[in-house]
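Below you'll find the structure, written out as structure tokens, and then a few comments.
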There are 2 protein chains.
Amino acid sequence: MNIGRASKLSGVSTKMIRYYEQTGLIPKAARHNSGYRDYDDADVHRLRFIRRSRDLGFTVEQIGGLLNLWSDRSRASADVKSFALEHVERLKEKMAEIEAMVRTLESLADHCHGDDRPECPIIEGLAEDDGDSLRPKRREPQRFGTPGGQSARHHGAATKVAH
Amino acid sequence: MNIGRASKLSGVSTKMIRYYEQTGLIPKAARHNSGYRDYDDADVHRLRFIRRSRDLGFTVEQIGGLLNLWSDRSRASADVKSFALEHVERLKEKMAEIEAMVRTLESLADHCHGDDRPECPIIEGLAEDDGDSLRPKRREPQRFGTPGGQSARHHGAATKVAH
DNA sequence: TTTGCGGCTTCCCACGATGGGAAGGTCAAG
DNA sequence: CTTGACCTTCCCATCGTGGGAAGCCGCAAA
């Protein structure tokens with residue numbers, strides 16, 4: 001089948017299918033004489049696997065790992081489980097960060113009258129000279145490396161930190 | 001003062017300061033005869049405002065709006081409040097999406113023995129032919145592994161609901 | 001004065017995942 | 001044969017951030 005059909009069946013856009021092929025996430029597709037890519041049900045199956053993995057927040061790189069785990073019939077389920085649960089930890093960290101933002105914003109908004117007057121604790125909070133009062137206090141090294149880079153973003157010690 | 005000093009005082013990297021200038025978020029900096037950019041306390045103040053806004057998950061575009069609200073002394077606090085609360089809604093949506101992923105992954109992991117045997121409901125769940133059962137709902141671009149840091153910053157994830 | 005170093009300048013590249021769109025080839029139906 | 005839908009490759013943009021090169025500037029030590 002052509003790429004458009006595979007796209008519809010898998011829910012992965014044609015752009016993405018080509019991209020996954022290009023980056024080596026999936027093998028090079030077979031070609032018709034015309035040059036058109038040719039897919040079979042197994043290809044579609046793999047694409048669906050990829051899409052569902054993306055839906056669960058895995059990066060493409062991680063999906064590469066998942067595909068290996070999928071095709072490796074001798075690997076232990078414990079390997080998969082730890083892979084998944086580590087990802088869950090990242091997701092929870094991300095949630096906690098967002099939640100902290102929400103809490104800060106809501107507490108600022110709670111003190112804002114929200115009427116016609118111009119005084120506004122929200123803007124004042126952002127403009128405060130007292131630097132980091134808005135930020136959640138935890139500033140320990142706490143590094144959790146996301147795939148692709150960490151980088152202890154300079155806090156005040158701007159330019160020259162271990163980058 | 002030079003850009004490096006402004007960076008240290010504001011907590012915004014020199015790279016980002018130039019980027020913000022280039023994209024028009026902040027006005028063009030004054031220059032010394034040497035060509036070096038020159039900043040004063042008001043500039044640093046604005047940069048700190050920007051950094052704190054980023055820490056709360058606003059995109060650069062939104063920060064442009066916040067800067068306008070900041071400098072507009074005649075705007076109503078209600079304008080600021082609705083701006084902030086709408087952003088809070090986006091953050092909550094993002095949290096809900098991530099939470100759905102976490103729930104799905106944890107329920108799959110719950111059924112995985114996590115031992116030496118190869119059978120694994122997690123992989124099976126991803127590989128299922130039954131299409132979208134894992135999918136919480138309509139998906140949209142999510143980017144949450146931003147390079148970097150610890151705490152609340154650039155999570156990228158949070159802010160970008162539509163891109 | 002010369003040397004050296006660190007800071008500054010601009011410019012280009014990279015990332016991750018995705019889409020847009022142009023220029024052109026292919027295929028099936030009319 | 002024409003038309004229109006589909007396919008191909010190639011390049012560009014996104015968004016926020018950093019890396020790094022090539023070259024100037026400023027200050028201090030030798």
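Protein chains get the first letters and strands the later ones, always in sequence-line order, with residue 1 at the start of each.
What separates OH of B/Tyr39 from P of C/dG7 is a distance of 16 Å, to the nearest Å. As rounded to whole Å, 8 Å separates atom P of D/dG16 from atom CD of B/Glu61. Rounding to whole angstrom units, CZ of residue A/Phe58 and C1' of C/dG16 are separated by 17 Å. Per the geometry, CD belonging to A/Glu21 stands 12 Å off C1' belonging to D/dT8, to the nearest Å. Here C/dA14 presents its P atom at 18 Å from OH of B/Tyr19, a figure rounded to the nearest Å. With rounding to whole Å, B/Gln62 atom CD is found 12 Å from D/dC15 atom P. The interatomic distance linking A/Leu47 (CG) with C/dT18 (P) rounds to 12 Å, in whole Å. Rounded to an integer number of Å, the gap from A/Arg54 CZ to C/dG16 C1' is 8 Å.
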In B/S/- notation, 5' to 3', how is nucleotides 22-30 of chain C contacted by protein heavy atoms closer than 4.0 Å? ---BBS---
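Within the 4.0 Å cut-off from OP1 or OP2 of D/dT9, at least one side-chain nitrogen or oxygen of A/Arg31 is found. Phosphate proximity of C/dT18 to A/Arg51: absent, as no side-chain N or O sits under 4.0 Å from OP1 or OP2. Residue B/Arg37 has no polar side-chain atom (N or O) positioned under 4.0 Å from OP1 or OP2 of C/dC8. Phosphate contact (OP1/OP2 of C/dT18, side-chain N/O of A/Tyr20, threshold under 4.0 Å): present. Side-chain nitrogen and oxygen atoms of A/Arg5 include none within less than 4.0 Å of the OP1 or OP2 phosphate oxygen of D/dC6.
Evaluation of the side-chain hydrogen bond (donor to acceptor under 3.5 Å, both in side chains) test over residues 66-77 of chain B, restricted to residues two or more places apart or in two chains, returns A/Asp115-B/Ser77, B/Asp72-B/Ser74. Every pair passing salt bridge (charged side-chain N to carboxylate O under 4.0 Å, His left out) that includes a residue from residues 76-88 of chain A is listed here, sequence neighbours excluded: A/Glu86-A/Arg90.
Qualifying side-chain contact (heavy atoms from CB on, under 4.5 Å) partners for A/Thr23, counting only residues two or more places apart in sequence or in other chains: A/Tyr19, A/Leu25. In this structure, the side-chain contact (heavy atoms from CB on, under 4.5 Å) partners of A/Ser13, at least two apart in sequence or on a different chain, are A/Lys15, A/Met16. Every residue meeting the side-chain hydrogen bond (donor to acceptor under 3.5 Å, both in side chains) condition with A/Lys92, not counting sequence neighbours, appears here in chain and number order: B/Glu106. Here B/Asp41 pairs with B/Met1 under the side-chain contact (heavy atoms from CB on, under 4.5 Å) rule; sequence neighbours left out. Shown here are the side-chain hydrogen bond (donor to acceptor under 3.5 Å, both in side chains) partners of B/Glu119, two or more places apart in sequence or in another chain: there are none.
Using a 4.0 Å heavy-atom distance criterion, B/Arg18 is classed as a base contact. Note on A/Ser13: only backbone sugar-phosphate atoms sit closer than 4.0 angstrom, heavy atoms only; bases stay farther off.
Summary for the helix from C/dT1-D/dA30 to C/dG30-D/dC1: the axes at its two ends, each from 5 pairs, differ by 30° when rounded to the nearest 10 degrees.
Between B/Glu21 and B/Arg37 there is a salt bridge, since a side-chain N of the basic residue sits under 4.0 Å from a carboxylate O of the acidic one. Salt bridge A/Arg46/A/Asp43: present, at least one basic N to carboxylate O contact under 4.0 Å.
Scanning both residues, B/Ile17 and B/Ala6, for their nearest heavy atoms gives CD1-C, 4.4 Å.
Taking only side-chain atoms of B/Met16, from C-beta outward, the nucleotide of C/dT9, C/dA17, D/dT17 with the closest atom is D/dT17.
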